[in-house]
Structures are given as C-alpha cells and as structure tokens.
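In the text below, chain A, chain B and the rest are named by the order of the sequence lines, each starting its count at 1.
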2 protein chains.
Amino acid sequence: MSTLKYSRQRESIKEYLNSSCEHPTADMVYMSVRQEFPNISLGTVYRNLNLLADLGEAIKITTPNGGDRFDGRTAPHYHFCCTKCGNVIDLDLKELTHVNEAANEHFDGIIESHSMMFYGTCSDCINNQ
Amino acid sequence: MSTLKYSRQRESIKEYLNSSCEHPTADMVYMSVRQEFPNISLGTVYRNLNLLADLGEAIKITTPNGGDRFDGRTAPHYHFCCTKCGNVIDLDLKELTHVNEAANEHFDGIIESHSMMFYGTCSDCINNQ
DNA sequence: TATAATTATAGTAATCATTATTATTATTAA
DNA sequence: TTAATAATAATAATGATTACTATAATTATA
C-alpha cells in the first residue's frame, strides 16, 4: 500500500468543497481551483475528489443528469435535485435510522447504508419560469 | 406533438423488461433483444427505454457504477445495489409515504418524489468471497 | 542540508455510457 | 394503394470519467 503525500492542489480542492454549498460537479471544482492553480488538470481534480470520498472526507452524490456531484459536508443528510435546473440542495430532514434494518428483514444480504434523493422544482425555477 | 407508432422492437424490449427481474442495463437489454432482432441498434434500445420511462411503463434507476438500469415493475418500491458486484435487487419494504411532506417542511421549493437506494453486500458476494 | 525514493501532477489519449444524425424501412392514415 | 410520418439501423458525436506517462513535488534518509 502506498502512503498519502500532501499536495497543495488537493488542499485547495478540499477547501473549496468545504466552503461551497452548491454540491459542485468535478468540472465546477476544476473551474474554481483553476483560479489558484491555472495549470491544474481535470484528471487531478477527479483523482482527488474520488480520493477524498474514499477517505470519508467528502461524499459523492450520484444524480440522474449532468454528472456526479461532491459534498464536503460528511455528516449524514439528504439532498434535493431540481428536475428543471439540476441543482442539488441540502435538506433539513432528520436521518431515517431504522430503514436499513427494516429493509434487511426480508433480504438475504447485508445492508449497510442508504441514500435518498428528493425530486421536484426548486424555488429559483418556480420564480423564474 | 408526434403520435406514437407501434414497433416490434419496442414490444420486444417491453416484454423482456417485464420478464426480467435483474434490472438490466441498456446493454443487457440490447444483448437479449438481439436474439429476436439481430440487427437492432443500441440507439433503438436507448430511445425505447427512455420512451417507456417517459410513458411511465418502466423506471430508470440511477446507480453509482456501470450505467443506468431499467425496471418494468412500475409500482413504487425500493432497490438494493451491491457495492461488490453492482447487481440491483428489489426490496420488500413498504413505501415511505410521509417523507416527501417532511422534507418539504423547511424547504423553499416543491418536492414531488424521492428515490432511495440501499447499499451493502448481496448474498452471492457473501458466499462466493 | 543534499540526495534518494516515491507519490502527485499536467497533459493527453482512451474508454464508457449515452445521444444525435440521416438515409431507409415500417406503420398508419387517407 | 398511396401518401404521410414515425421508427429503425448504422454511424458519428458528445460528455463524463479514467488511464497513461514523463516531469515535478513531497517526504524520508544519509
């Protein structure tokens, strides 16, 4: 196994993830971090986002359209995805703690976690339409 | 607006979706329907799967790896996705009916639906490891 | 502190899933 | 039966992501 080595690029990516609340795509992270590191490569962004997700320092959010999104907020919470504009928004909804066990009752494998995504229209799209 | 025209290819795709319980990817549908229509195009498969989903005759399941999957069972239900092999399995868990309203309480837009995916290890991967 | 070892990067090519294009074919309406 | 039109097959194009490789940055060691 290889040991993790510091990199300023990864630090900048992590910082941006933690400061942003828009659940950016890899490309959005790329655009932002390029202000500090004009030569950073999109591959570097992807590699580090996935690394941070593996380390548990970020969450990868699978969406139906427009690529995965990333979230620096690692505490369990749920998301809303607007079917009009695709934006992802944090929800204030307490964690469903018993569903994993409930789902496991009639199931032959081992259930460890779940993710839930809510869909509809965000307030921006309601107002601007 | 254009009127829908019958096609034997679409009929075969629909039939396969309804007979299968493995939540096939577009490519799996393609492989199967090719036995009846050797010249069918992958584009035709994609177009019809999306069309069926739009018509409400199938459900598109977004997964973290390996492409979207399709389900001919349209009654609301939840899925499990194995983190080892990627297989998608139906769960016997009753629908969470109040979460949409609960999520909407502190939210500025309109929430219409949700999807939930459970993760863990399926029984095949537990046994074969 | 200099040097060696090793990981990370930039730049680029390749891959995978999906959608778009277009000439031809199948279905439906007149 | 013919005309209108939607669907298809074949292929090209796109978008998101990963793989490759020579160089640069970081860390360990002498």
Distance in angstrom units between B:K14 NZ and D:dA7 C1', rounded: 15 Å
Counting only side-chain heavy atoms from C-beta out, which of D:dT18, D:dA6, D:dT17 sits nearest to A:N50? D:dT18
Judged by atom type as modelled, is there a donor-acceptor pair below 3.5 Å linking the side chain of A:T121 to the main-chain atoms of B:I110? no
Reading DNA chain C from 5' onward, which residue's closest nucleotide shows up sooner: B:L4 or B:R69? B:R69
With the side chain counted from C-beta on, respond yes when B:L52 and B:N50 share a heavy-atom pair under 4.5 Å apart, and no when they do not. no
Got a sec: does the CD of A:E57 have more than 12 other heavy atoms crowding it under 6.0 Å? yes
Should the pair A:Y78 and A:H114 be assigned to parallel (<30°), tilted (30 to 60°) or perpendicular (>60°) ring geometry? parallel
Between B:G43 and A:D27, name the one whose nearest nucleotide on DNA chain D is closer to the 5' end. B:G43
To the nearest Å, how far apart are B:D68 CG and D:dA16 P? 14 Å
Whole angstrom is fine here: how far is it from CG in A:N65 over to C1' in D:dT14? 15 Å
Quick note, A:Y46 side chain, CB onward, closest among D:dT5, D:dT18, D:dT8 is D:dT18
Geometric cation-pi criterion, B:R8 with B:Y6: 6.0 Å, 45°: no
Sugar-phosphate only, base, or nothing, as touched by A:R47 at under 4.0 Å among non-hydrogen atoms: base
Whole angstrom value for the distance that separates C1' of D:dA19 from CG of A:L51: 17 Å
Nucleotide D:dT18, atom P - distance to OH of A:Y30 in whole Å: 16 Å
Can you check the B:L42 CG to D:dA12 C1' distance for me, whole Å? 14 Å
The criterion is salt bridge (charged side-chain N to carboxylate O under 4.0 Å, His left out); which residues satisfy it with A:D108, sequence neighbours excluded? none
For B:S7 and B:G66, find the nucleotide of DNA chain C closest to each by heavy atoms; which residue's nucleotide sits nearer the 5' end? B:G66
Hey, where on DNA chain C does chain A first and last touch, going 5' to 3'? Cut-off is any atom under 4.0 Å from a heavy atom. C:dT6 to C:dG11
Once you round it to whole Å, what is the distance between C1' of D:dT5 and OH of B:Y6? 18 Å
So which one's nearest nucleotide on DNA chain D is more toward 5', B:P38 or B:T3? B:T3
Donor-acceptor contact present, side-chain A:H23 to main-chain A:V88, <3.5 Å: yes
